[in-house]
Structures are given as structure tokens and as C-alpha cells.
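Just below is one structure, and these are the notes that go with it.
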Amino acid sequence: MKKGLLKKVLATAMSMALVLSLSACAKKSEATGAKSDSTTPIVDKIKKSGKLVLGTSPDYPPYEFINGKNEIVGFDIEIAKELAKDLGVKLEIKDMKFDGLLAALQSGNVDIVLAGMTPTDERKQNVDFSKIYYTSLQGIVVRTEDKDKYNSLDALAGKKIGVQKGSIQEGLAKEQIKNADIKALGKVTDIMLELKNKKVDAIVVEKPVAEAYVSKNPDLSIPAVTVTQSEENGSAVAVKKGSSDLIEALNKSLDRIIKDKLVDKFVTEANEQVE
Ligand code: ARG
């Protein structure tokens, strides 16, 4: 009992000392006006550990999905491999639910998130984003038999709409489909099953994802209507807030990846792998 208390007191004192010394460091560099160089803490930590830990939700072909060999593949994964290569470390991938990705960054469980993630203002309050590396539109998926019936957003009013929990599509569907009965699930693969089993009537996802699922499922189709966004919808890499050295390194890699037209190449290859 007493020992436990002593430990706690010691631990508190130690962490306070750490905070103090950290703030002393911060003050020092402020005073000298020293700029952070490429070897500031986060990049350094990743290089020392020898691995870059990626969090993703592999239910989103062609961005990230699980192939027939039970491997996580997709164009986000190929981009992440390039990012790891440029840092000189290997890539480790963690399969998570989309709505748990940002918390995993904050807790340090993963170093980066690539998950077709749109850098919204709300998310920017909790994490930092790289530049946008890919843009797309939104799409709707319905059962093929209903394709002609659901030819306007009004026709979808009051229907059961499936979305991924925590995705921007959850908000878009609520705003744009009147009286939508929203069903939000953790994994897009499960929502697609719900659609096939008539538990929901339509799903809102990014257009390339709608196309990927439809291409392999003749019972699913894309109707002549979609939800829209006011702003351009792009994907960016998310990192823990305050990781400016990592953002700088990632943006440099992304510049190269975009300049060499690797994103287009990875997207084409990922679409060929959808099964
Ligand atoms: N772009 C949307 C968002 O940021 C959906 C992304 C879903 N990604 C995934 N891997 N399931 O909210």
C-alpha cells in the first residue's frame, strides 16, 4: 500500500521534472531563435525505431482493402511504402475501424494515417494533415434492381442510408437526403452486406470506392444521383498534432510521388487488384 503510494509520488515528480525540462528546452530554442531541423523528435523517433506505423481501415478499395491472400493492399498502402522508404524505415500496417484512427494517432499507437481521409476543419483541431495527394467525388451505391427508382436525392428521402461511422459521408447523407434513416457502421464491407441483404437501401462512399464495389458485384449499381460537397474532396496523410518535422518530411515525399505520377500509377494498379 505504502509502496504503491511512494511509486505514484515518485512517478508524478518525475513526469513533472520531464515537463519542466521540456519547457526549458522549448524556451531555450525560442530564445536563440533556433529553427527545428530535420532531426527534431518525431522523425528521429521513427528513424530510431526502424519502422513507420500506419493506421488504416482496409475496407475501401481501391484506397485500401484486403486481397485474396489476406494482405492489406491499395494505393494508400503503396504511397505509405514510399513514405517509409524515404524515411529509411520499414512500414508496419495496423488494421483499424475508421472511427478509431484519429485516437490511435493521438495515443501514439500509430505514426501516420492514410485512409482516404479528408482533411476537414473539425479533424484539424485534433490532428495535423499533409498536403492533399488525391481528390475524388462522392458516389452512391444501391441494389441493381433499384437503380432506376433512385434517380434523385428526393427519391431517397426517408430511406435507410448506410454510411461509415465517423466518415464525412455520414454528415453529407444527413444534410442532403431528407429524413434519411442513417445507419452508421464501422466497416464499409459490412455496410455493403447490409445493402445486399436489404437492411439498408443505399450507401454513400467516395466515387472510386462505389465503382470498385460495383465492378465486382453485379447485384450492386451506381444510380444517376450523388451527394455533393462545397469544397474539393481530397485525401491527406494525418499525423499527431504538432508533428511539424514529420509533416515536412511527408510533404517532401508526396511532392516527389505526385511529380513522378506515382499516385495515378498506384490507383490503376490497385483497381486491377480489386477482387
Ligand atoms: N473520405 C471520407 C472521410 O474522410 C471517408 C474515408 C473512409 N476511409 C476508409 N478507409 N474507410 O471521412
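Source: prediction; values computed, not measured.
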Contacts of Ser152 meeting side chain to side chain donor-acceptor pair (under 3.5 Å) (sequence neighbours excluded), chain-then-number -> none
Whether Asp146 and Lys149 form a salt bridge (side-chain N of Lys/Arg under 4.0 Å from carboxylate O of Asp/Glu) is what I want to check.
yes
Compare all side-chain heavy atoms of Met192 with those of Val141 and state whether any distance is below 4.5 angstrom.
yes
Is there a continuous path of hydrophobic side-chain contacts, each under 4.5 Å between heavy atoms, that joins Val163 to Leu172?
yes
Taking only Lys NZ, Arg NE, NH1 and NH2, and the carboxylate oxygens of Asp or Glu, determine whether Asp95 and Lys187 approach each other closer than 4.0 Å.
yes
Assess the side chains of Asn109 and Lys94: does a donor N or O sit below 3.5 Å from an acceptor N or O?
yes
According to a 4.5 Å side-chain heavy-atom criterion applied to Ile, Leu, Val, Met, Phe, Trp and Tyr, with indirect links allowed, do Val113 and Ile46 form part of one hydrophobic cluster?
no
Linked, directly or transitively: Val142 and Leu220 (ILVMFWY side chains, under 4.5 Å)
no
Please list all pairs passing the ring-ring contact (aromatic ring centres under 6.0 Å, His included) test where one or both residues lie in residues 74-114, with sequence neighbours left out.
Tyr63-Phe75, Phe75-Tyr134
Asp219 versus Thr144, side-chain donor and acceptor atoms under 3.5 Å:
no
With heavy-atom distances below 4.5 Å as the criterion, would you say the side chains of Lys240 and Ile112 are in contact?
no
Residue list, side chain to side chain donor-acceptor pair (under 3.5 Å) with Gln106, at least two apart or on another chain
none
Assess whether side chain to side chain contact (heavy atoms under 4.5 Å, CB included) is satisfied between Ile72 and Ile77, documenting all intermediate values.
CA-CA 8 Å; Ile72 300 178; Ile77 308 301; 3.7 Å; yes
Verify the distance criterion only: is there a donor paired with an acceptor across the side chains of Lys196 and Asn217 at less than 3.5 Å?
yes
Those residues that, when tested against Glu64, pass side chain to side chain donor-acceptor pair (under 3.5 Å) (two or more places apart):
Thr56
Non-hydrogen atoms of Ser57 and Gln164 that approach each other most closely:
OG-NE2, 3.6 Å
Would you mind checking if Lys198 and Glu145 are paired as a salt bridge, meaning a charged N to carboxylate O distance below 4.0 Å?
yes
State yes or no: do Leu102 and Val110 share one hydrophobic cluster built from I, L, V, M, F, W and Y residues joined by side-chain heavy-atom distances below 4.5 Å, directly or via other members?
yes
Using a strict threshold of under 4.0 Å (side-chain N to carboxylate O), is an ion pair present between Lys48 and Asp44?
yes
Show me, pair by pair, the donor-acceptor contacts under 3.5 angstrom made by side chains of residues 84-92, not counting sequence neighbours?
unit_1 : atom_1 : unit_2 : atom_2 : d
Lys85  : NZ     : Glu82  : OE1    : 3.3
Asp86  : OD1    : Arg256 : NH2    : 3.2
Asp86  : OD2    : Ser253 : OG     : 2.7
Asp86  : OD2    : Arg256 : NE     : 3.3
Asp86  : OD2    : Arg256 : NH2    : 3.1
Glu92  : OE1    : Lys51  : NZ     : 3.1

Residues which pass side chain to side chain donor-acceptor pair (under 3.5 Å) with Tyr213, listed by chain and number, not counting sequence neighbours:
none
Indicate, with yes or no, if Val204 and Tyr150 share a hydrophobic cluster defined by side-chain heavy-atom contacts under 4.5 Å among Ile, Leu, Val, Met, Phe, Trp and Tyr.
yes
Any Lys/Arg nitrogen of Asp59 or Lys97 sitting under 4.0 Å from an Asp/Glu carboxylate oxygen of the other?
no
Will you find, in the side chains of Glu275 and Asn67, an N or O donor that is under 3.5 Å from an N or O acceptor?
no
